[in-house]
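Contents: one structure, followed by commentary.
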Amino acid sequence: MAHELSKAYDPSEIEKKWADFWVTEDLFSLPTPETSGKVFTLLLPPPNVTGRLHMGHMLNQTEMDIITRWKRMSGFKTLWLPGTDHAGIATQMMVERQLATEGKKRQDLGREAFIERVWEWRREYGGAIQDQMKRLGASVDWAREYFTMDENLSRAVREAFVRLYEDGLIYRGKYIVNWCPRCMTAISDLEVVHQETQGKLYEIRYPIIWSAQEAAERRSADAGMPEHIVVATTRPETMLGDTAIAVSPHDERYKNLVGLKVRVPLIGREIPIIADDWANPEFGTGAVKVTPAHDPNDFAIGKRHDLPQISVMDENARILEGIGDYGGLDRFKAREKILADLEAQNLLASVKDHTLSLGRCTRCNTVVEPRLSTQWFVKIQPLAEVAIQAVEDGHIRFTPEQYKKTYFEWMRNIHDWCISRQLWWGHRIPAWQCDACEKHTVARETPQKCAHCGRTELTQETDVLDTWFSSGLLPFTVFGWPDKTKDLEVFYPTSLLITGFDILFFWVARMIMLGCWFMKDRGLAESVPFKEVYIHALVRDAERQKMSKTKGNVVDPIQVIEQYGTDAVRFTLASLASPGTDIAFNPERVEGNRAFANKIWNAARFLFMHREKAGVHGIFWDGETFVASTRLEDVWIRAKLNAATVQVNAALAQYRFHEAAHVVYHFFWGEFCDWYLEIIKLRLNQGETSEDKATTCETLLYSHVIFDTALRLLSPFMPFITEEIWQALYEGKTPKPSIALAEFPISPDSLGEPQVAAGSRAAEDQMAILQALIVDIRAQRAELKVEPKIKVPINIFVNPDVKRIIENNQPMVEKLANVESIRFVDQSLAGSAGARVAPQYEMQVIYEQKIDAAAERERLNKDLVKLEKEFSNNQRQLGNEQFLSKAPAPVVEGLRRRAGELELLLEKTKSSLAQLG
RNA sequence: GGGCGCUUAACUCAGCGGUAGAGUGCCACCUUCACACGGUGGAAGUCGCAGGUUCGAAUCCUGCAGCGCCCACCA
């Protein structure tokens, strides 16, 4: 492909080109390996088919892509498996909304036609998020893409349901569930979000029914005979379904009322006063109305006391016909009317402000109504026990580790899982009800006859399964389960899961439970759906607010990408992705990383320019052996690159994306560009002799090797720009079709080459002295206000060792610090005008202009204060017997060495000050 | 009511037992032949508060204050 780089870095053009290339060349498709050795598998948390890419996705996919590319380049057979989720409620709502614009409801179409309509919708609009993923450069295996409603996955869902049923873990029953009257379906506990809401607490008088006999008894006993019992409630409309009043058995106030009957106001039903521990004497009046069909606690009381369950609302949360004057009224309208009617009868004792926690549907924000209905449940305890053990035994590792606690917390207090939904879009429950005996037959295929009575008139269950039921099975169903496939054998358990904490319970926990259960014949350690979980943070806006459509602060990743380029956005997210910390995403921050990309671009152009000038082509590298050089800057940059390599590999192994990004940024900009390229300019801008040309070629070769390695180090973070430059570097003759398939750098030092390591350390020490000297000269020039273009002579006072280092690298010092000439003197320069002292050298800038004595004195005084403070700390520690005996030797040695330096520096600084007068 | 975090330079965040760091922003100078999406130099922090452990604490422990998140059936 591209052999040369355009003058200006334009991400939009190159990103489109390579995104297409990766997909059309099928670069990331992985054939099924023979064995599971060195295989890395990652499942993409399937976005909703209705989804549009948001910053959360982008962070998630950037992290997954970095890890995936890193693993792939490091020699793993890497599979990143993409897919989309059919998202029951969300998708059904979307299509219903579309129907509504045509003035239709789903009931007008009927179940089959409606489902066909959803498929149509999916064919037309369902691919949006995949297209967006391609723009991010996500290196997934598109050939294996799945959809949770695909036939093979649907078959697996039925199989899983039937097996759980056969294991006795699925039951059907009439219980209080969370009901959304707008979605008209049951939802699980997790789909209800509780909000503190300012509401009212109403106290209502229920008239006590006194029989003549009881009344007489009371009067003779002088026991008092109250007319009413007052109950407190936040939802007066449910009184229509009251079947008892409960008081605490220990509540003296009500002791002798237990067993009596009261009349439910407005409807006149007689109900008993019962004693139950649930009633809290401290709260309200101590007496609570009991409505078993509309409250989970009341449901439990009802079971204990065998109370009738009277439902008073329909599926839309309207009062049922025939109940007082309230039939057909919406629950909140009914509440108003009931309160007014109570008031009129003087039965409303009081109304108080009361904050309560109101449950709302996560989909549509409608207030959830606890409703008595028949649903399918998963008996969760047996599944949870195994899932807890899997994590306790360390078969799944959480990063950050704190999420393990959250996971245990939830798992240990888990309730049975309501898995049926009254929707049409989804996996229909494989159960058939007998028209005659009304019992259910659960089967993989449509049964011929009832399993209980043998009759043949059967009707399939109309409910579908919770979407999370099918996604909870994905880690094995995507590999062909229930069949025993090769894929399942080599890819399961997957290696890693990267996801947000918001679906820790919805998805992560359920995958663990279901995986451990269905794969249990592999043994616990191998039954888990993934070996590691990395939980990433939330992307917030620049003000740390949660992004939300209603607040209007949602940042559209595609827009930011168009402004700065995908690479810059990816790099920004990576550099902010410190485990466990939410990300405050400010688009302005991307600017800095866009500049970084530009910097790399120009570094490449610099090398290419010289390559052209020198007529040097075909600089290729096998990616393994280092080209030798003994030049200080060459050994030094190699040592720095090795260090960066070691750090990046270590950081990625711990999902410390921010650290890896920082290391690679600092290497490229702070070391390679700022120092190395500046230094080699000396060798690249040489003359025409054959010796000069040879030097240029050597220099180019060496710098290309370094640059090539650095590009591969950066590639997982910025795949596009590195691909573009890498392809150009090899002039179309790349060793691999893509940089993404090239080798990720590993440090030669880490492979055990002690003499190389020693040489590196010496080079680093020498460069550190030269760098310090150069920086000091520059600073002194700035202080003396030497015009930038003027070269100045300098004097240096050093020991012979350092002198040799400087002499060997004199052109470097002269070029980088703009020095005319260096004179080595044999007397201390401390105190001389324009001098600076360091532990290893004394340096004086010779400049005719008069020194600003005041400024110089200020600087020296500041230095002096700092030095004195450090020295006194240093001396205090070194004078401390305890420290000397207890601190580790290297620390003590370090301080001793520093003490010597400090003494010297103090002395020199003081003498300089004295000279200034 | 339970549980979990966070508080370090103007801003965003690293560091988590051995002399306070980065990026952005800010100030000054420089359009030098890769890059002004640049270069060079510089200013800027009693590491929330109070105790404790330690030779040594931003780093470990306890308490307090502020901020945030998750879970939960108290009418």
Side-chain angles (χ1 to χ4, degrees), chain A residues 7-9 176 189 194 201-202 231-235 238 246 278-280 282-291 295-300 354 356-357 359 370 400 402-403 405-406 408-410 413 501-502 504-505 538 542 544 564 568 572 575-576 578 580-586 588-589 591-610 656 658-659 662 665-666 670 673-674 677-678 681 685 775 778-783 785 787-789 816-818 866 869-870 873-874 876-877 880-888 890-892 894-895 898 902:
Chain A
K7 184 154 196 315
Y9 165 58
I176 294 273
D189 291 348
H194 291 272
L201 186 65
Y202 305 95
V231 304
T233 181
T234 55
R235 302 199 306 146
T238 62
W278 163 250
N280 175 2
E282 309 289 314
F283 189 91
T285 61
V288 58
K289 58 194 237 23
V290 182
T291 322
D295 181 282
N297 294 308
D298 294 6
F299 180 81
H354 180 66
L356 60 143
S357 142
Q402 74 212 42
Y403 285 105
K405 287 187 210 160
T406 315
F408 284 138
E409 191 67 21
W410 189 70
N413 297 296
F501 66 87
D502 50 330
L504 183 60
F505 306 135
L538 202 65
R544 309 198 58 73
Y564 301 106
T572 304
S575 68
L576 294 170
S578 164
T581 311
D582 282 354
I583 291 175
F585 186 83
N586 187 342
E588 285 171 26
R589 307 208 81 212
E591 264 176 54
N593 291 315
R594 160 74 203 256
F596 178 50
N598 188 59
K599 188 81 182 172
I600 293 161
W601 185 261
N602 281 294
R605 282 185 54 228
F606 170 79
L607 289 178
F608 286 17
M609 186 185 83
H610 282 283
R656 299 170 63 83
H658 68 294
E659 197 177 299
H662 175 254
Y665 181 99
H666 181 253
C673 292
D674 285 352
L677 290 185
E678 291 305 321
K681 279 177 183 174
N685 291 323
V775 167
R778 286 168 175 170
Q780 192 61 24
R781 288 176 55 109
E783 190 172 290
K785 298 203 166 46
E787 292 219 16
K789 281 175 190 161
L816 268 58
N818 218 9
K866 250 167 114 177
K869 191 179 158 205
E870 196 189 335
N873 279 338
N874 179 293
R876 202 189 52 230
Q877 286 201 69
N880 186 334
E881 278 305 318
Q882 301 261 37
F883 170 74
L884 293 176
S885 60
K886 289 186 181 171
V891 174
V892 179
L895 276 181
R898 186 67 184 151
L902 285 170

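Computed from a predicted structure; not experimentally measured. Heavy atoms only: backbone and side chains are in, while hydrogens, waters and symmetry mates are out.
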Measure CD/E659(A) against C1'/G21(B) and give the value in whole Å, please. 13 Å

When you measure from the side chain of R778(A) to the backbone N and O of L816(A), does any donor-acceptor pair fall under 3.5 Å? yes

What nucleic acid atoms does Y9(A) come within less than 4.0 Å of, heavy atoms only: base, sugar-phosphate, or nothing? nothing

At 4.0 Å (heavy atoms only), tell me whether N297(A) reaches a base, stays on the sugar-phosphate, or touches nothing. base

Would you say a side-chain N or O of R605(A) is under 4.0 Å from OP1 or OP2 of C37(B)? no

Looking across every strand, which nucleic acid part, if any, lies under 4.0 Å from F505(A) by heavy atom: base, sugar-phosphate, or nothing? sugar-phosphate

Can you tell me how far OG1 of T233(A) sits from CG of L201(A), rounded to the nearest 0.5 angstrom? 7.5 Å

Distance in angstrom units between R876(A) CZ and U54(B) P, rounded: 17 Å

Have a look at P788(A) and say if it touches a base, only the backbone sugar-phosphate, or nothing, with a 4.0 Å heavy-atom cut-off. sugar-phosphate

Nearest-Å distance once atom C1' is located in both A65(B) and C74(B): 30 Å

When the C1' atoms of G3(B) and U59(B) are compared, how many Å lie between them, rounded to an integer? 25 Å

Under 3.5 Å donor-acceptor, N602(A) side chain and N598(A) backbone: yes

Using a cut-off of 4.0 Å on non-hydrogen atoms, how would the nucleic acid contact of G359(A) be classed: base, sugar-phosphate, or nothing? nothing

Which protein N or O atoms sit under 3.5 Å from an N or O of nucleotides 2-8 of chain B?
from, atom 1, to, atom 2, distance (Å)
G5(B), OP1, K405(A), NZ, 3.3

Considering only atom C1', compute the distance from U12(B) to G17(B) and round it to an integer number of Å. 27 Å

How long is the straight-line distance from CD of E588(A) back to OH of Y564(A), given to the nearest 0.5 Å? 6.5 Å

For F501(A) and Y665(A), find the nucleotide of RNA chain B closest to each by heavy atoms; which residue's nucleotide sits nearer the 5' end? Y665(A)

Using OP1 and OP2 only, check whether a side-chain N or O of K789(A) sits under 4.0 Å from U31(B). yes

P gap between C47(B) and U7(B), integer Å: 14 Å

Look at all strands and tell whether A604(A) reaches a base, only sugar-phosphate, or nothing, counting heavy atoms closer than 4.0 Å. nothing

Those stems involving RNA chain B that have three or more consecutive Watson-Crick or G-U pairs, both distances under 3.5 Å, are B:1-7 with B:65-71, B:10-13 with B:21-24, B:26-30 with B:38-42, B:48-52 with B:60-64

Residues E678(A), K681(A); criterion salt bridge (charged side-chain N to carboxylate O under 4.0 Å, His left out); working and verdict: CA-CA 5 Å; E678(A) 291 305 321; K681(A) 279 177 183 174; 3.2 Å; yes

So which protein nitrogen or oxygen atoms get under 3.5 Å of nucleotides 39-43 of chain B's nitrogens or oxygens?
from, atom 1, to, atom 2, distance (Å)
G39(B), OP1, K599(A), NZ, 3.1
G39(B), OP1, W669(A), NE1, 2.6

Please work out if W278(A) contacts a base, only the sugar-phosphate, or nothing of the nucleic acid, heavy-atom cut-off 4.0 Å. base

Please check if the side chain of N874(A) supplies one atom and the backbone of L895(A) the other of a donor-acceptor pair under 3.5 Å. yes

Quick one: does R781(A)'s side chain have a donor or acceptor within less than 3.5 Å of a partner on E787(A)'s backbone? yes

